Visitor: 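First the structure, which I've put down as structure tokens, then a few questions once you've had a look.
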There are 2 protein chains.
Amino acid sequence: MDIHKQFFKSAFSVDSVIFGYDQGDLKVLLIYRGAKPYIGTWALPGDLVKLDEDLDDSARRILFDLTGLSNVFMDQIHTFGKVDRHPLGRVITVAYFSLVKIIDYKLNPSSWAKEAKWHSIINTPNLPFDHTEILNYAKNKLKERVRHQPIGFELLPKEFTLSDIQNLYESVLEINLDKRNFRKKLLAMSLLIDTGYFQISVAHRPARLYRFDKKKYKSLIQQGFSFEL
Amino acid sequence: MDIHKQFFKSAFSVDSVIFGYDQGDLKVLLIYRGAKPYIGTWALPGDLVKLDEDLDDSARRILFDLTGLSNVFMDQIHTFGKVDRHPLGRVITVAYFSLVKIIDYKLNPSSWAKEAKWHSIINTPNLPFDHTEILNYAKNKLKERVRHQPIGFELLPKEFTLSDIQNLYESVLEINLDKRNFRKKLLAMSLLIDTGYFQISVAHRPARLYRFDKKKYKSLIQQGFSFEL
DNA sequence: TTATTTATTGTATTTATTACACGAATCCAT
DNA sequence: ATGGATTCGTGTAATAAATACAATAAATAA
């Protein structure tokens, strides 16, 4: 087929599943659509890819426009391409997921979004297009990834307690973990830096605060280390 | 942006990394391009996605046209979307990989391929577009997947010896494995059926032939079993 | 002062991983 | 028919990792 016949008829977009974590709950950032189609419904943020824009840059742009954040963990997860997935034409969409620290920024709805809001993952509204399928796919990817890469820390503030990270793992994986064994395994990797500080103003024994040692992780990876929790 | 402005300017394609295994060597199926651009070079088989064709169907079509095979293991791996990856326009490509039993079929070059040929993975020619990047990505995906899903069997004939499957793992993972430990672990999963038959006409003690028990695997998966080698 | 809440820590048991070598079965060459 | 070449098939002991499990410590609130 002549490639020029194919042009003129199709387009591709990026949709972002932006995860956050707050108060023991995994959340996803949805926008309230201010543009057709499906105007007036909650949906995943996304946009058509610009012609002079790399695919990854497009995903970064969407995240930045919405949250003002850059330098955030982001990864492509899957491309969805059913013929009838978009009511206005043949549009395939490349799904990305991002992990952000909710605390770090303020939401900043854009031209195509009237409003943006965090929704608890266990109670999301019905979504248009194939966005429900995309969201489920992203949740499963996150479950897999969180066990093989230290990306859970991307969802927590820079300083966190061991209970914080355990609760996060329990939320994402939807299982319970043994406290002593979880800590033993995590600390055995020597990837946490003890800040020497403790929680303040909590109505119980304050917990130690740790930071994730990204530099050490990178150097261990070079040496063939593989993260697993 | 109005979606109709975006149409008229871009297209998307599928490229397939088709792996086979023969005589202890992992192979990849390349076509000799008979169409522009890059006419007269070895490349990954691929084609533009038809407007009335689901993305996955497009990947199946490419494989079928080239090999006559359907019902083959196939999975999407990544979408490549640099602005300048295609010299004739803005084309993003969705990469798939397939695992086929080389023995099962005869190659069947199509309109866009003058010739198709298996190339040993350790000695592939330079490839056009970003196909080298795609191939490397696929090799790494295969390494990961083969350890967590029983897809290695897709590359072997229906009946195989324990040495066959071990050699395959050693080729794919590029490591050596201990014979006794590998067998112990593999057999402990109880996913192999002993056919009761043996190799014939080999100049050494003949090995037992096994089959992979796909039904049992599926039922174990339901029960939360997870494959790992 | 006491009650409440969450943090911190170790050990014994079970399970999985690793390292390692020799007799058996077949074909081939003489 | 014998001996040589080749690959097959098998078990155990040592080490490492995963699991199950509960009491004391430190803070605030009442």
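Please read all numbers here as calculations on a predicted model, not as lab measurements. Each chain gets a letter, A, B and so on, in the order the sequences are listed, and its residues count up from 1.
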Visitor: How long is the line joining CZ of A/Phe198 and C1' of C/dT8, in whole Å?
Guide: 10 Å
Visitor: Tell me yes or no: between the side chains of B/Thr161 and B/Asp164, is some donor less than 3.5 Å from an acceptor?
Guide: yes
Visitor: Using a 4.0 Å heavy-atom cut-off, does A/Thr161 contact any base of the nucleic acid, only the sugar-phosphate backbone, or nothing at all?
Guide: nothing
Visitor: Using atom CD1 of B/Ile175 as one end and atom C1' of C/dT17 as the other, report the distance to the nearest whole Å.
Guide: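 My rounded result for the distance is 14 Å.
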Visitor: Using whole Å, report how far NZ of B/Lys179 lies from P of C/dT18.
Guide: 19 Å
Visitor: I need the CZ-P distance between A/Phe182 and C/dT9, as an integer number of Å.
Guide: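 My rounded result for the distance is 15 Å.
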Visitor: Would you classify B/Arg183 as touching base, sugar-phosphate or nothing, given that sugar-phosphate means primed atoms plus P, OP1 and OP2, and contacts are heavy atoms under 4.0 Å?
Guide: base
Visitor: Is any side-chain nitrogen or oxygen of A/Ser201 closer than 4.0 Å to OP1 or OP2 of D/dA27?
Guide: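 No, no such contact exists.
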Visitor: Just how far, in rounded Å, is C1' of D/dT7 from CD of B/Gln199?
Guide: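 In whole Å, D/dT7 C1' and B/Gln199 CD are 9 Å from each other.
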Visitor: Charged N to carboxylate O below 4.0 Å: is that the case for A/Asp194 and A/Arg208?
Guide: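 So A/Asp194 pairs with A/Arg208 through a salt bridge.
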Visitor: Does A/Arg180 contact C/dA7 through a side-chain donor or acceptor facing the base, at a distance under 3.5 Å?
Guide: no
Visitor: Quickly work out the A/Leu187 CG to C/dT9 P distance and round it to whole Å.
Guide: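 Distance check: A/Leu187 CG to C/dT9 P gives 8 Å.
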Visitor: To the nearest Å, give me how far apart CG (B/Leu177) and P (C/dC20) are.
Guide: 15 Å
Visitor: Ignoring hydrogens and geometry beyond distance, is the side chain of B/Lys184 in donor-acceptor contact with the base of C/dT18 at under 3.5 Å?
Guide: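 Such a pair exists between side chain and base.
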Visitor: Consider the side chain of B/Pro206, meaning its heavy atoms from C-beta on, and name the nucleotide among D/dA20, C/dA25, D/dC8 that approaches it most closely.
Guide: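 Looking only at side-chain atoms, B/Pro206 lies closest to C/dA25.
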Visitor: Please tell me which of A/Asp178 and A/Ala203 maps to the more 5' nucleotide of DNA chain D, matching each residue to the nucleotide holding its nearest heavy atom.
Guide: A/Asp178
Visitor: In sequence, state the C-alpha distance, the side-chain angles, and the governing distance for A/Phe182 and A/Tyr169, and then conclude on ring-ring contact (aromatic ring centres under 6.0 Å, His included).
Guide: CA-CA 10 Å; A/Phe182 180 82; A/Tyr169 269 77; 5.8 Å; yes
Visitor: Provide, to the nearest angstrom, the distance between the NE2 atom belonging to A/His204 and the P atom belonging to C/dT8.
Guide: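 Nearest whole value for this atom pair: 10 Å.
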Visitor: Using the side-chain heavy atoms of B/Arg208, tell me which of these nucleotides is nearest: D/dG9, D/dC8, D/dC21.
Guide: D/dG9
Visitor: Taking it one step at a time, do A/Phe129 and A/Phe80 satisfy ring-ring contact (aromatic ring centres under 6.0 Å, His included)?
Guide: CA-CA 11 Å; A/Phe129 306 101; A/Phe80 295 81; over 10 Å; no
Visitor: Looking only at N and O atoms, is any donor in the side chain of B/Arg205 or the base of C/dC27 less than 3.5 Å from an acceptor on the other one?
Guide: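 It does not, because no donor-acceptor pair links the side chain of B/Arg205 to the base of C/dC27 below 3.5 Å.
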Visitor: Using a distance-only test with no angle check, is there a side-chain donor-acceptor pair under 3.5 angstrom linking B/Tyr21 and B/Asn167?
Guide: no
Visitor: Mind checking A/Lys185 for me? I need base, sugar-phosphate or nothing, with any heavy atom below 4.0 Å counting as a touch.
Guide: sugar-phosphate
